[in-house]
Protein chains: 2
Amino acid sequence: MAKLKISNTIRRCRFDADEMTQKALAEKVGVTRQTIIAIENAKYSPTLELAFQIAEVFGKPLSDVFTYEP
Amino acid sequence: MAKLKISNTIRRCRFDADEMTQKALAEKVGVTRQTIIAIENAKYSPTLELAFQIAEVFGKPLSDVFTYEP
DNA sequence: TCTACATGTAAGATATATTTGACTCTGAGT
DNA sequence: ACTCAGAGTCAAATATATCTTACATGTAGA
């Protein structure tokens, strides 16, 4: 799968959510800190399930956290 | 990652979209027919990128095609 | 009946996401 | 100066998504 066309606002969401740390977010969604870093920096595309879980943590719809630019 | 909590309306979307076939959908998003089958039947969670591409084919927001039940 | 197509399943291979552990760097506090 | 927490990187291992190929079934049409 080619270049990633997905951007996200996780970093902003974390700070809006009382400056939640990467580690804290990772623990809430049940993955490691490295996975959160990789997703924040758009190193690869997460599974849909993980994307939903992250959005849920912030109480936002998935489309507020992840956006796709074709 | 545990049991899948994601359901989808791909099958309905395909029929609404002039009875688009699994093969046709697969070609439009650049994956194989088996991948579409597996996702339709919720065998596993697709990548976020693929989910966005599928929703785009139907001209719908991702949340209309995939829903997450915590 | 015969053919073609849509759908489903399955096994083995490959690609990618995720984990684990270690290391570095910077900024805030003491 | 020292420590600590947050953030980032890297390499190797594991888990999962995706591919390839092949086969089976049901249904529609010639």
Side-chain angles (χ1 to χ4, degrees):
Chain A
M1 267 177 202
K3 359 173 176 176
L4 290 197
K5 307 154 185 170
I6 295 179
S7 59
N8 69 82
T9 61
I10 296 179
R11 178 152 259 162
R12 197 170 321 145
C13 289
R14 283 197 298 110
F15 286 118
D16 288 349
D18 202 23
E19 304 201 351
M20 180 187 304
T21 186
Q22 289 178 333
K23 185 184 177 196
L25 173 57
E27 284 166 355
K28 288 197 188 223
V29 298
V31 299
T32 62
R33 194 171 58 87
Q34 283 78 351
T35 298
I36 298 298
I37 292 174
I39 294 173
E40 269 196 14
N41 298 341
K43 293 280 178 57
Y44 47 64
S45 183
T47 58
L48 182 57
E49 183 172 10
L50 179 51
F52 267 123
Q53 288 171 330
I54 291 174
E56 192 191 20
V57 164
F58 299 123
K60 295 185 175 184
L62 190 144
S63 57
D64 277 16
V65 182
F66 298 93
T67 51
Y68 178 71
E69 302 116 4
Chain B
M1 269 175 198
K3 354 166 179 180
L4 290 198
K5 308 154 184 167
I6 295 179
S7 59
N8 70 81
T9 61
I10 297 180
R11 180 154 247 143
R12 199 171 319 143
C13 288
R14 284 197 296 111
F15 285 119
D16 289 349
D18 201 25
E19 303 201 349
M20 180 187 304
T21 185
Q22 289 177 333
K23 186 184 179 197
L25 173 57
E27 284 166 356
K28 287 197 188 224
V29 298
V31 298
T32 61
R33 194 170 58 85
Q34 281 76 355
T35 297
I36 298 298
I37 292 174
I39 294 174
E40 268 195 14
N41 298 342
K43 293 278 178 58
Y44 48 62
S45 182
T47 59
L48 182 57
E49 183 173 10
L50 179 52
F52 268 121
Q53 288 171 330
I54 291 174
E56 193 192 18
V57 164
F58 298 124
K60 295 185 174 181
L62 190 145
S63 58
D64 276 17
V65 182
F66 298 92
T67 50
Y68 178 72
E69 303 115 3

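What's counted below: heavy atoms across the whole structure, side chains too, no hydrogens, waters or symmetry copies.
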Atom-pair distance (CD1 on Ile39(A); P on dA17(C)), nearest Å: 9 Å

Mind listing the residues from residues 8-17 of chain B sitting with a heavy atom below 4.0 Å of DNA chain C? Number order is fine. Arg11(B), Arg14(B)

Nearest non-hydrogen partners of Tyr44(A) and Ile39(A), listed with the distance: CE1-CG1, 4.3 Å

Residue pairs involving residues 57-68 of chain A (criterion salt bridge (Lys or Arg N to Asp or Glu O under 4.0 Å); sequence neighbours excluded): none

May I ask you to test the Leu62(A)-Leu48(A) pair for a side-chain heavy-atom distance under 4.5 Å? yes

Would you mind reading off the distance between Asn41(A) atom CG and dA7(D) atom C1', rounded to a whole angstrom? 10 Å

Given atom OH of Tyr44(A) and atom P of dT16(D), what is their separation to the nearest angstrom? 14 Å

Under 4.0 Å between a side-chain N/O of Thr21(B) and OP1 or OP2 of dT7(C), yes or no? yes

d(CD1, Ile6(B); C1', dA17(D)) in whole Å: 13 Å

Holding to ring pair (Phe, Tyr, Trp, His ring centres under 6.0 Å), I want the full list of residues that pass it with Phe52(B), two or more places apart in sequence or in another chain. Tyr68(A)

Expressed as a whole number of angstroms, how long is the span from Leu25(B):CG to dG8(C):P? 13 Å

Solution key, residues 15-28 of chain A side-chain donor-acceptor pairs under 3.5 Å, sequence neighbours excluded:
unit_1: Gln22(A); atom_1: NE2; unit_2: Glu40(A); atom_2: OE1; d: 3.3

Can you find a side chain N or O atom of Thr47(B) that sits less than 4.0 Å from OP1 or OP2 on dT18(D)? yes

Give the rounded distance in Å between these two atoms: CD of Gln53(A) and P of dT18(C). 10 Å

Can Phe58(A) be reached from Val29(A) by stepping across I, L, V, M, F, W or Y side chains whose heavy atoms are under 4.5 Å apart? yes

Contact string for nucleotides 20-30 of chain C, one letter per nucleotide 5' to 3', B = base within protein heavy-atom range under 4.0 Å, S = sugar-phosphate only, - = neither, reads BBB--------

Within the 4.0 Å heavy-atom criterion, would you say Thr35(A) contacts the bases, only the backbone, or no part of the nucleic acid? base

Across all chains, not counting sequence neighbours, the salt bridge (charged side-chain N to carboxylate O under 4.0 Å, His left out) partners of Arg33(A) are none

Spacing of Ile37(A) atom CD1 relative to dG6(D) atom C1', expressed in whole Å: 9 Å

Nearest 0.5 Å, what's the CG-CD1 distance between Leu50(A) and Ile54(A)? 4.0 Å

Grab the two heavy atoms, one from Ala42(A) and one from Ile6(A), that are nearest each other, plus how far apart they are. CB-O, 4.1 Å

Lys43(A) atom NZ is separated from dA17(C) atom C1', nearest whole Å, by 13 Å

